[in-house]
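Each remark here refers to the structure printed beneath this line.
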Amino acid sequence: MEDSVSAELRDPTAVSEEPASLSASTGAQLTPEELVAKAIAPVKREYLRPPPVRSSCNNVKDTASTGKNDGDDKAAPSSLVKEKKSKRQMKRERRQEQKSTSHLCPEIAKTGDVSSCRYSDKCRFSHDIEAFKSQKPADLDGECPFSGAEQLCPYGLACRFAGTHKEGVPAGSSVALKKCSEMNGLNKDVQKLLWKNKMKFPKADSKLKELGLLGHGKSKSRVKEEKEDVVSNDSAADRTRCGEVNNDMDADLDIPVEIPEENGQTEGTFSSDESRPLKKPKSMSSENCHSDKIDNGACMIDATISEGHTPIDSEVVNDSVLPDSDASLKSHPREKKLIDFRDKLYLAPLTTVGNLPFRRVCKVLGADVTCGEMAMCTNLLQGQASEWALLRRHSSEDLFGVQICGAYPDTVSRAVELIDKECVIDFIDINMGCPIDIVVNKGAGSALLMKPMRMKSVVETASGIVDTPITIKVRTGYFEGKNRIDSLIADIGNWGAGAVTIHGRTRQQRYSKLADWEYINRCSSLAPDSLQVIGNGDVFSYADWNRHKVESPKLATCMIARGALIKPWLFTEIKEQRNWDITSGERLNILKDFVHFGLEHWGSDTKGVETTRHFLLEWLSYTCRYIPVGLLDVVPQRLNWRPPSYFGRDDLETLMSSDSAADWIKISEMLLGKVPDAFSFAPKHKSNAYDRAENG
């Protein structure tokens, strides 16, 4: 495979867009120690080269495209601008595309029999086998990824490796057969209930009711119905008079206060002998409100209510008001399932790149614990198939968890109950550290760090309804220089969390500057023995792992994130306690494994091939940052080092070091064939971003 790489790569001008920020002369003039002090990778002088000249027509870094307009200065920028389409228009275009000859009916593709489709003429897909064969791209090199399985290929005629099918066109095989090693799929009946908003959550609703968090989080239709009931109820006038004593901040809130009925209570109501809700009802006087004070002595009320959620930023749980009968029903923390994370190699949940095929690669290379990509609770509760796909688990993942993200205890607890019922998992991790704007602006992720009482309610409700261990992932704080986890660490275990992962950066830092491991160690020393503390940030070698474990004996383990993206064999290095000078051929074999796993997961038809290519390119946008051990004057490499422009020890290694998307596409073509016409790619993540100044 290495011979297929052009020998012209030795010419500095042949590889497009190599790192140009650092010159070869810079590395030659400074000593290795001086380079390290400047966060520049100390590459050996004999491998340094002048940075290649960048093309002036390509002003968008890490973007590559192919097609007839390549090289056209005027056409290139317009190709990056996409016209926004309505959902109706996109649905119509999808229907038209499905009817084209390039989309053969899946049932006919599997059987090769036109009469096998039960929908006949009403089918959304094409039934013209000959037309499909005439326009189908040429088969790819290699064998079908399902050739080693006992079942036949589920894609039949549509498979891009159809020529290698030993028994010709498969007959009667099912797509379910290829998923036999995967689990946690979304049941269609459950999805329909979620679509119609008819799914019941008895455990979550009971816990929310117990904590007084159920009454406010209602749908528009339910609130409207209750308003109508209030109008016809004789006690409406009394309710109005009680509401007059409310704080001015709450005067504009149009939320009904539930009252008990004769033969029971409406959903979210409380009788006099039930546990007191966290937030005092609107009918309570301000005098009573002052009876329960938080630490600063003020009775804080959050007036910001998001539709369908409950504001609980400042409520206080008064355990003394819980009846003995209710308290006795509470499961003791020691009765819950426990997971021992100590000294296990934990692969972090990684958005986009931490997909199932990538996790399989990491399992092969030594990872002990894996976690799915972050899924939004609201999307899960809406039955979105794309969000549920993030929860899928492979049979090789023997210790597996899912990570969810939500802003309010009602959505999080219902998502937790649903996941615990429908999925096979070992733990559920709640993300409270995501720095992405779209997440933070909804009150989730890092935004929870500024609302500790809401954090408490989220963890308490989630951990109180399932036996599955609940863990949380946080950052040191929201604003730089204002860490706050040390003040919460002693309470997190009491909330019901079994473990907490601390990323040693604030939300404002994003991924800039080094992780603050001194602060992580201080937090771990303050944590109770029942709470496992996991450190996260900049682990990139077995020396980093060993140092953190020695400096903080109470640390359970270290979570590995970007280090695994850049060199997934880091797990092997830690277990074998060595710096692996991996060859370009060995790295290519790892990429081949990913492609094989990807075709099994996303499919071996054209759509599956291109989906695999897309995620391969996303991953290559990270792997290009790796500098081989044999090229460095100082070992091991640090995560914050900027690589200069350098030659590899062979042409393939040089190609793999390129930060150009055009060169990543070349690597993908070595594994998945030529890209389609007018293909373009730009990496999704910019992990070195620093937040804007207006955020503090």
Side-chain angles (χ1 to χ4, degrees), residues 178-187 190 336-377 379-380 385-406 412 415-431 433-434 462-463 466-473 497-501 532 534 536 539 556-561 563-565 568 570-572 574-575 593-594 597-598 600-602 615 619:
K178 89 178 181 72
K179 298 293 184 181
C180 61
S181 59
E182 296 182 9
M183 56 195 83
N184 297 349
L186 177 58
N187 183 280
V190 173
K336 297 176 71 67
K337 296 178 182 177
L338 298 176
I339 292 183
D340 188 2
F341 289 100
R342 287 177 297 181
D343 298 328
K344 290 184 172 63
L345 300 184
Y346 189 167
L347 173 64
L350 302 163
T351 304
T352 303
V353 194
N355 45 65
L356 185 145
F358 175 78
R359 298 197 305 270
R360 288 184 65 183
V361 168
C362 292
K363 283 296 297 182
V364 171
L365 293 171
D368 297 318
V369 184
T370 55
C371 188
E373 303 173 62
M374 182 183 75
M376 299 302 294
C377 292
N379 296 343
L380 293 174
S386 59
E387 206 74 14
W388 277 87
L390 304 178
L391 309 183
R392 296 197 69 87
R393 173 184 189 173
H394 191 263
S395 58
S396 64
E397 299 179 272
D398 47 358
L399 189 51
F400 173 79
V402 297
Q403 186 183 70
I404 59 175
C405 184
V412 173
V416 166
E417 180 179 353
L418 184 60
I419 292 171
D420 185 67
K421 180 181 178 181
E422 299 296 326
C423 299
V424 180
I425 52 175
D426 299 302
F427 64 93
I428 299 175
D429 187 65
I430 302 176
N431 187 306
C434 179
S463 62
V466 294
D467 292 331
T468 303
I470 300 295
T471 65
I472 65 173
K473 188 172 187 289
V500 56
T501 301
Q532 300 179 75
I534 302 169
N536 174 223
V539 178
T557 188
C558 299
M559 178 181 282
I560 301 172
L565 293 178
L570 173 58
F571 300 105
T572 304
I574 295 174
K575 287 194 171 181
D593 287 341
F594 175 84
F597 297 152
E600 284 185 355
H601 179 62
W602 290 301
F615 286 105
W619 184 23

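All heavy atoms count here, side chains included; hydrogens, waters and symmetry mates do not.
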Rounded at 0.5 Å granularity, tell me how far CG in L338 sits from CD in Q532. 8.0 Å

Return the set of residues passing side chain to side chain donor-acceptor pair (under 3.5 Å) with Q403 (not counting sequence neighbours), or none when no residue passes. D429, N431

Please report the interatomic distance OH(Y346) to OG1(T557), rounded to the nearest 0.5 Å. 10.0 Å

Before you tell me yes or no, could you show the steps for N536 and K473 under side-chain contact (heavy atoms from CB on, under 4.5 Å), namely the whole-Å CA-CA distance, both residues' side-chain angles and the distance that decides it to 0.1 Å? CA-CA 9 Å; N536 174 223; K473 188 172 187 289; 3.4 Å; yes

How long is the straight-line distance from OG1 of T468 back to CD1 of I339, given to the nearest 0.5 Å? 8.5 Å

For V402 and C371 the tightest heavy-atom approach is C-SG, 3.8 Å

Would N184 and I425 count as a side-chain contact (heavy atoms from CB on, under 4.5 Å) if you check the C-alpha gap in whole Å, the side-chain angles of each, and the deciding distance to 0.1 Å? CA-CA 9 Å; N184 297 349; I425 52 175; 4.0 Å; yes

Give the intermediate values and the outcome of side-chain contact (heavy atoms from CB on, under 4.5 Å) for residues L418 and V190. CA-CA 10 Å; L418 184 60; V190 173; 4.2 Å; yes

Under the side chain to side chain contact (heavy atoms under 4.5 Å, CB included) test, which residues partner L570, sequence neighbours left out? I560, K567, E573, I574

For residues S463 and I470, report the shortest heavy-atom separation together with the two atoms involved. CA-CG1, 3.8 Å

With the side chain counted from C-beta on, respond yes when L380 and L391 share a heavy-atom pair under 4.5 Å apart, and no when they do not. yes

Heavy-atom pair of closest approach, residues C362 and P568: SG-CB, 4.3 Å

Just wondering, do P349 and M559 contact through their side chains at under 4.5 Å, heavy atoms? yes

Between M183 and S395, what is the shortest heavy-atom contact and its length? CE-CA, 4.0 Å

Report the residues that fulfil side chain to side chain donor-acceptor pair (under 3.5 Å) with K344, sequence neighbours left out, ordered by chain and then residue number. none

Excluding sequence neighbours, so at least two apart, what forms salt bridge (charged side-chain N to carboxylate O under 4.0 Å, His left out) with D420? none

Rounded to the nearest 0.5 Å, how far does SG of C405 lie from CG of N379? 10.5 Å

Given the rule in the side-chain contact (heavy atoms from CB on, under 4.5 Å) test, do H601 and R360 qualify, once you have shown the distances and angles that lead to the verdict? CA-CA 11 Å; H601 179 62; R360 288 184 65 183; over 6 Å; no

Residues passing the side chain to side chain donor-acceptor pair (under 3.5 Å) test with D426, sequence neighbours excluded, are R393

With A389 via side chain to side chain contact (heavy atoms under 4.5 Å, CB included) - residues at least two apart: none

Do you know which of D398, T370, D368 makes side-chain hydrogen bond (donor to acceptor under 3.5 Å, both in side chains) with K363? D398

Can you check whether L365's main-chain N or O pairs, donor with acceptor, with T572's side chain at less than 3.5 Å? yes

Inter-residue atom distance I430.CD1 - T501.OG1, 0.5 Å rounding: 12.0 Å

Sort and list the pairs that fulfil salt bridge (charged side-chain N to carboxylate O under 4.0 Å, His left out) and have at least one residue in residues 349-359, not counting sequence neighbours. R359-E397

Applying ring-ring contact (aromatic ring centres under 6.0 Å, His included), can you list everything that pairs with F594, at least two apart in sequence or on another chain? W619

Apply salt bridge (charged side-chain N to carboxylate O under 4.0 Å, His left out) to D593 and list each qualifying residue two or more places apart in sequence or on a separate chain. none

For K421, salt bridge (charged side-chain N to carboxylate O under 4.0 Å, His left out) partners two or more places apart: none

Which label fits F615 and W602: parallel for a plane angle under 30°, tilted from 30 to 60°, or perpendicular past 60°? parallel

Partner set under side chain to side chain donor-acceptor pair (under 3.5 Å) for T351, not counting sequence neighbours: none

Which atom names give the shortest non-hydrogen contact between F358 and A564, and what distance separates them? CZ-O, 3.6 Å

How many angstroms lie between CZ in F341 and CD1 in I534, if you round to the nearest 0.5 Å? 5.0 Å

Excluding sequence neighbours, so at least two apart, what forms ring-ring contact (aromatic ring centres under 6.0 Å, His included) with F400? none

Could you report the tightest heavy-atom contact between G354 and E373, atom names first, then the distance? O-CG, 3.4 Å

